J.: 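Sharing a structure here in structure tokens format.
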Amino acid sequence: MPAPDISESEWSIMEALWKRAPQTASEVTRTLKPTRKWAENTVRTLLTRLVEKGALKTDENTSGTRTYLPAVKREACVRAESDSFLQRVFQGAAKPLLIHFAQNSKLTPEEVKELKKLLDQSLNR
């Protein structure tokens, strides 16, 4: 099953649940309160959308309250989002993407070394 298309707001919900699951809607609201000032109804709406998209599944805790947990792995969603970004912005070409980030990012020497290693490994596949 391909990873669902997740909006920016939905990503906040997913990140909270990838870090700790299961959670109730109230718990997700409290988790996000420091960064998002969403009402619980907003969180519930986003949770419902994510369930409909197949990104989340529901269960019940011991007191019978609905809980939410990821139905998809974070890595699969990151991969799908990355592929979508690459297609939209760079017409699917990795070279311009890599050049853009190399020229416009403040990379540490360790990060440059790691990138060189990854590029070298990609040549040997």
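Note that these values count all heavy atoms, side chains included, but never hydrogens, waters or copies made by symmetry. Note that the structure is a prediction, hence the values are computed from the model and not measured.
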J.: Please round to the nearest 0.5 Å and tell me the distance separating atom CG of L47 and atom CG of L17.
T.: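 Result: 6.5 Å between the selected atoms.
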J.: Considering only distance and modelled atom types, tabulate donor-acceptor pairs under 3.5 Å from the side chains of residues 81-97, sequence neighbours left out.
T.:
{"from": "S82", "atom 1": "OG", "to": "V78", "atom 2": "O", "distance (Å)": "2.8"}
{"from": "S84", "atom 1": "OG", "to": "R88", "atom 2": "NH1", "distance (Å)": "2.6"}

J.: Would E40 and S26 count as having a side-chain donor-acceptor pair, cut-off 3.5 Å?
T.: yes
J.: Please evaluate residues Q23 and T67 with respect to the criterion side chain to side chain donor-acceptor pair (under 3.5 Å), reporting the C-alpha separation (whole Å), side-chain torsions for both, the decisive distance (0.1 Å), and the verdict.
T.: CA-CA 5 Å; Q23 292 187 58; T67 60; over 6 Å; no
J.: What residues, two or more places apart in sequence or in another chain, satisfy side-chain contact (heavy atoms from CB on, under 4.5 Å) together with T58?
T.: V51, R66, Y68
J.: Which pair of heavy atoms, one from M14 and one from V72, lies closest together, and at what distance?
T.: CE-CG2, 4.1 Å
J.: State which residues pass side-chain contact (heavy atoms from CB on, under 4.5 Å) with T108; sequence neighbours excluded, sorted by chain then number.
T.: E110, E111
J.: Kindly state each residue pair satisfying ring-ring contact (aromatic ring centres under 6.0 Å, His included) with at least one member in residues 13-36, sequence neighbours excluded.
T.: W11-W18
J.: Minimum heavy-atom separation for A71 to G54, with atom names?
T.: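 Result for this residue pair: CB-O, 3.4 Å.
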J.: I'd like to know if the side chain of E27 reaches the main chain of T24, judged simply by a donor and an acceptor atom lying under 3.5 Å from each other, with no hydrogens or angles considered.
T.: yes
J.: Drop me the distance from R36's CZ to L46's CG, to the nearest 0.5 angstrom.
T.: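 It comes to 9.0 Å.
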J.: First locate atom CG of L69, then atom NZ of K57, and finally report the distance between them rounded to the nearest 0.5 Å.
T.: 5.5 Å
J.: Taking only residues two or more places apart in sequence, or in another chain, which ones meet W38 in a ring-ring contact (aromatic ring centres under 6.0 Å, His included)?
T.: none
J.: Which heavy atom in E10 sits nearest to a heavy atom in S7, and how many Å separate them?
T.: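 For E10 and S7, the tightest heavy-atom pair comes out as OE1-N, 2.8 Å.
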J.: Rounded at 0.5 Å granularity, tell me how far NZ in K37 sits from OG1 in T42.
T.: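 Going from NZ on K37 over to OG1 on T42, the span is 13.5 Å.
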J.: Who pairs with E75 by side-chain contact (heavy atoms from CB on, under 4.5 Å), at least two apart in sequence or on another chain?
T.: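 With sequence neighbours excluded, E75 shows a side-chain contact (heavy atoms from CB on, under 4.5 Å) to K73, R79, given in chain and number order.
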J.: Give, for atom CD1 of I13 and atom CD of E8, the distance between the pair rounded to the nearest 0.5 Å.
T.: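 If we round to the nearest 0.5 Å, I13:CD1 and E8:CD are 12.5 Å apart.
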J.: Mind checking the CG-SG spacing from D5 to C77? Nearest 0.5 Å is all I need.
T.: 10.0 Å
J.: Look only at the side chain of T29 and the backbone of A25, and say whether a donor-acceptor pair between them is shorter than 3.5 Å.
T.: yes
J.: Do K19 and E15 meet the salt-bridge criterion of a basic N to acidic O distance under 4.0 Å?
T.: no
